[in-house]
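Below is one structure, written out as structure tokens; the observations come after it.
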Amino acid sequence: PAPTTAARLSWVVFLVCSTVLLGIVLPDLSVVFGLTGGFCGGLVTFCFPAMFYIRVASKKGERLLLGAWAGYFLLFFGLVAGVGSSALVAVTAWKAK
């Protein structure tokens, strides 16, 4: 079912209020770019290729060279790298205040 007008309006109000609040709390745009880059960089570099590899490894009838476990390891490493780099940017920004 399609969302109601009230649901859409409440979603828009939530997005606008959270954006204004985030703009007040983080006036320096480099923090936002650092957090976005840290999280998305880990996803694009490690997690998405690992998910594609896991999907192919599970669908193929024949054995792949490294098996699906390598994809799971890379996925876990990408999540740790993305969260870790985002946390590093947040800690650095917090200490700079």
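Computed from a predicted model, the values in this text were never measured in an experiment.
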Where G71 and A50 come nearest, the two heavy atoms and their spacing:
O-CB, 3.3 Å
Distance (rounded to the nearest 0.5 Å) between L75 CG and F48 CZ
10.5 Å
If you group Ile, Leu, Val, Met, Phe, Trp and Tyr whenever their side-chain heavy atoms sit less than 4.5 Å apart, what else falls in with V80?
F76
Taking side-chain contact (heavy atoms from CB on, under 4.5 Å) as the test, write out the residues that go with A6, two or more places apart.
T4
Not counting sequence neighbours, which residues clear ring pair (Phe, Tyr, Trp, His ring centres under 6.0 Å) with F77? List them please.
F46
Show me the donor-acceptor pairs, under 3.5 Å and distance only, between side chains in residues 14-24 and residues at least two apart or in other chains.
{"residue": "S18", "atom": "OG", "partner": "F14", "partner atom": "O", "Å": "3.0"}
{"residue": "S18", "atom": "OG", "partner": "L15", "partner atom": "O", "Å": "3.0"}
{"residue": "T19", "atom": "OG1", "partner": "L15", "partner atom": "O", "Å": "2.7"}

In short, G38 meets S86 closest at the heavy-atom pair C-OG, 3.6 Å
Is any side-chain heavy atom of Y53 closer than 4.5 Å to a side-chain heavy atom of L74?
no
What pairs of donor and acceptor atoms, side-chain ones from residues 30-37 against any protein atom, are under 3.5 angstrom apart with sequence neighbours left out?
{"residue": "S30", "atom": "OG", "partner": "D28", "partner atom": "OD1", "Å": "3.4"}
{"residue": "S30", "atom": "OG", "partner": "D28", "partner atom": "OD2", "Å": "2.8"}
{"residue": "T36", "atom": "OG1", "partner": "V32", "partner atom": "O", "Å": "2.8"}

For the hydrophobic clusters of this structure (ILVMFWY residues joined by side-chain heavy atoms under 4.5 Å, transitively), does one cluster hold both Y72 and M51?
yes
Counting only N and O atoms by type, is there a donor-acceptor contact under 3.5 Å from the side chain of S10 to the main-chain atoms of A7?
yes
Linking directly or through intermediates, with side-chain heavy atoms under 4.5 Å: list the remaining ILVMFWY members grouped with F73, chain and number order.
none
